[in-house]
K.L.:
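Below is the structure I would like to discuss, written out as structure tokens.
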Amino acid sequence: MNKIDRREDVSPKEGLHQYGDVTFADPTNKKYPIDTPEHVRAAWSYINHKDNAAKYDADEVETIKDRIQRAAKKHGIEIKAD
């Protein structure tokens, strides 16, 4: 898995405060929680918005998408691959 760099425009503490100590597709910045089917669907939707994906390098986006896809499989839900 590729490492995701720390983003200057977000506070990891905010993600922990909002979602608690859950699994995130971006654990460095505590973005895109993937602990429930609802969070997995939302994470997939958000990372596929160009403005959200643009905040990451291409390899980081692929890492995040891979983590979301694995979480979807774990939760038994289907998401559409782009």
Side-chain angles (χ1 to χ4, degrees):
M1 268 308 129
N2 292 325
K3 181 183 179 300
I4 298 173
D5 292 329
R6 171 79 168 84
R7 288 176 37 193
E8 295 298 321
D9 64 325
V10 297
S11 170
K13 290 180 183 177
E14 187 177 314
L16 281 175
H17 176 73
Q18 187 169 0
Y19 299 105
D21 188 18
V22 300
T23 303
F24 292 91
D26 172 359
T28 303
N29 298 292
K30 307 296 185 206
K31 300 289 284 179
Y32 307 107
I34 52 174
D35 60 317
T36 66
E38 294 79 17
H39 283 160
V40 169
R41 288 184 189 99
W44 187 251
S45 175
Y46 284 115
I47 196 60
N48 282 294
H49 288 163
K50 288 182 183 181
D51 57 332
N52 291 327
K55 296 175 183 174
Y56 295 94
D57 292 336
D59 62 325
E60 292 174 328
V61 172
E62 289 307 311
T63 297
I64 291 168
K65 285 184 175 184
D66 181 61
R67 290 174 179 161
I68 296 169
Q69 289 171 326
R70 284 188 286 130
K73 186 175 182 177
K74 176 184 168 189
H75 288 287
I77 59 173
E78 240 184 272
I79 55 176
K80 294 181 183 179
D82 282 355

K.L.:
So which heavy atom on P33 is nearest to which on A43, and how close?
P.N.:
O-CB, 3.9 Å

K.L.:
Are the side chains of D35 and Y19 in contact, using a 4.5 Å heavy-atom criterion?
P.N.:
no

K.L.:
Give, for atom OG1 of T23 and atom NZ of K30, the distance between the pair rounded to the nearest 0.5 Å.
P.N.:
9.5 Å

K.L.:
Could you state the interatomic distance from CD (E14) to NE2 (H17), rounded to the nearest 0.5 Å?
P.N.:
8.5 Å

K.L.:
Give the minimum heavy-atom separation between I77 and P37, together with the two atoms involved.
P.N.:
CD1-O, 3.7 Å

K.L.:
Kindly write out the residues that satisfy ring-ring contact (aromatic ring centres under 6.0 Å, His included) with Y56, not counting sequence neighbours, or none if the list is empty.
P.N.:
none

K.L.:
Report yes if some heavy atom in the side chain of I4 is under 4.5 Å from a heavy atom in the side chain of R67; otherwise report no.
P.N.:
yes

K.L.:
Are the side chains of P12 and R6 in touch, meaning some heavy atoms are under 4.5 Å apart?
P.N.:
yes

K.L.:
Determine whether more than 12 heavy atoms belonging to other residues, nucleotides or ligands lie under 6.0 Å from atom CG of D21.
P.N.:
no

K.L.:
Where the side chain of N29 meets the backbone of R7, is there a donor-acceptor pair that is under 3.5 Å apart?
P.N.:
yes

K.L.:
Should K31 and Y46 be marked as a side-chain contact (heavy atoms from CB on, under 4.5 Å) after you check the CA-CA gap, both sets of side-chain angles, and the distance that decides it?
P.N.:
CA-CA 10 Å; K31 300 289 284 179; Y46 284 115; over 6 Å; no

K.L.:
Do S45 and R41 come close enough that some side-chain heavy atom pair is under 4.5 Å?
P.N.:
no

K.L.:
Between V61 and A53, which heavy-atom pair has the shortest distance, and what is it?
P.N.:
CG2-O, 3.5 Å

K.L.:
Working to the nearest 0.5 Å, report the span between OH of Y32 and CD1 of I68.
P.N.:
7.5 Å

K.L.:
Does E60 use its side chain to pair, donor to acceptor, with the backbone of D57 at less than 3.5 Å?
P.N.:
yes

K.L.:
State, to 0.1 Å, how close W44 and K80 come at their nearest heavy-atom pair, and which atoms those are.
P.N.:
NE1-O, 2.7 Å

K.L.:
Would you say V10 ends up clustered with F24 if hydrophobic residues are merged whenever their side chains have heavy atoms under 4.5 Å apart, either directly or through other cluster members?
P.N.:
no

K.L.:
Ignoring hydrogens and geometry, is there a side-chain-to-backbone donor-acceptor pair from T63 to D59 under 3.5 Å?
P.N.:
yes

